[in-house]
Amino acid sequence: MPAPNLSHPDPDPNDVQTNKAIAALAYIVFFLPLLVARESRFAMYHANQGLALFLTALAVNMVLSIIPIIGWLLSPLANFAVIGFAVLGIIHAAKGEIKPLPLIGGISIFK
């Protein structure tokens, strides 16, 4: 039996069932749970992950766009990784899981 994850306790099953779709959409439109499901811990967790992903993608694209040649070549790979992380987050939300995204999952922007 795996040890419980103390940093991300198991979400309320009713909260998960009610807000799965909103949580999944948070990886496409991160502010949607802020408008629709502000009281949902599950949706807000995924909104935080979606916002962290958006800000990371924005920063990486800005940096890579000013680096000649190498940055321009790496930019499509970085964008592909962002899409992969978004799909992974959507899968976690659709399954009702609270799992952090790789590399950026520890970033907490709002509570």
Side-chain angles (χ1 to χ4, degrees):
M1 176 186 243
N5 188 347
L6 299 178
S7 63
H8 302 293
D10 290 334
D12 177 32
N14 292 330
D15 182 20
V16 170
Q17 286 298 15
T18 305
N19 296 299
K20 268 186 188 181
I22 299 298
L25 287 172
Y27 292 93
I28 299 168
V29 184
F30 69 84
F31 59 84
L32 186 63
L34 295 170
L35 300 173
V36 178
R38 184 122 177 106
E39 71 288 343
S40 168
R41 285 186 55 214
F42 180 70
M44 291 303 291
Y45 174 81
H46 288 286
N48 185 71
Q49 293 286 287
L51 178 57
L53 182 61
F54 172 75
L55 293 175
T56 302
L58 185 65
V60 167
N61 276 296
M62 288 175 66
V63 169
L64 291 177
S65 71
I66 60 173
I67 300 172
I69 301 171
I70 303 239
W72 301 333
L73 294 173
L74 291 178
S75 184
L77 295 175
N79 288 325
F80 184 70
V82 167
I83 292 170
F85 286 171
V87 169
L88 184 62
I90 290 168
I91 291 170
H92 290 313
K95 286 182 172 180
E97 300 173 341
I98 291 183
K99 286 187 179 178
L101 293 173
L103 304 175
I104 62 167
I107 298 171
S108 181
I109 298 169
F110 49 82
K111 296 180 187 226

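All residue numbers in this chain count up from 1 along the given sequence.
Of all non-hydrogen atoms in Asn19 and Ala37, the two that sit nearest each other are OD1-CB, 3.5 Å. When every heavy atom of Asn79 is checked against every heavy atom of Asn61, the shortest pair comes out as OD1-ND2, 2.9 Å. For the pair Leu101 and Gln49, the tightest heavy-atom approach, listed with the atom from each and the gap, is N-OE1, 2.8 Å. Shortest non-hydrogen contact noted between Tyr27 and His46 is OH-ND1, 2.7 Å. Counting all heavy atoms, side chain and backbone alike, Met44 lies closest to Arg38 at CE-NH1, 3.3 Å. The minimum heavy-atom distance between Ala78 and Val60, with the atom names listed, is CB-CG1, 3.7 Å.
Note: Asn48 CG to Ile104 CD1 = 9.5 Å, rounded to the nearest 0.5 Å. Distance CD1/Ile67 to CH2/Trp72: 10.5 Å, rounded to 0.5 Å.
No side-chain heavy atom of Phe30 sits under 4.5 Å from any side-chain heavy atom of Ile109. Looking at Phe42 and Pro13, their side chains never come closer than 4.5 Å, going by heavy atoms from C-beta outward.
Criterion: ILVMFWY side-chain heavy atoms under 4.5 Å apart, direct or through other members. Under it, Val29 and Leu55 are part of a common hydrophobic cluster. Hydrophobic clustering of Ile, Leu, Val, Met, Phe, Trp and Tyr side chains at less than 4.5 Å, counting indirect connections, keeps Leu64 apart from Met62. Linking Ile, Leu, Val, Met, Phe, Trp and Tyr residues whenever their side-chain heavy atoms come within less than 4.5 Å leaves Leu103 and Leu77 in two separate clusters. Taken together through direct or relayed side-chain contacts under 4.5 Å among Ile, Leu, Val, Met, Phe, Trp and Tyr, Phe80 and Leu73 form parts of separate hydrophobic clusters.
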Original post:
Does the side chain to side chain contact (heavy atoms under 4.5 Å, CB included) test come out yes or no for Asp15 and Arg41, once each step is laid out?
Top reply: CA-CA 8 Å; Asp15 182 20; Arg41 285 186 55 214; 4.1 Å; yes
Mind listing the side-chain donor-acceptor pairs of residues 82-93 below 3.5 Å, one per line with the distance, residues two or more places apart or on another chain?
residue: His92; atom: ND1; partner: Glu97; partner atom: OE1; Å: 2.9

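Heavy-atom neighbours of Ile69 CD1 from other residues, nucleotides or ligands within 6.0 Å: at or below the threshold of 12.
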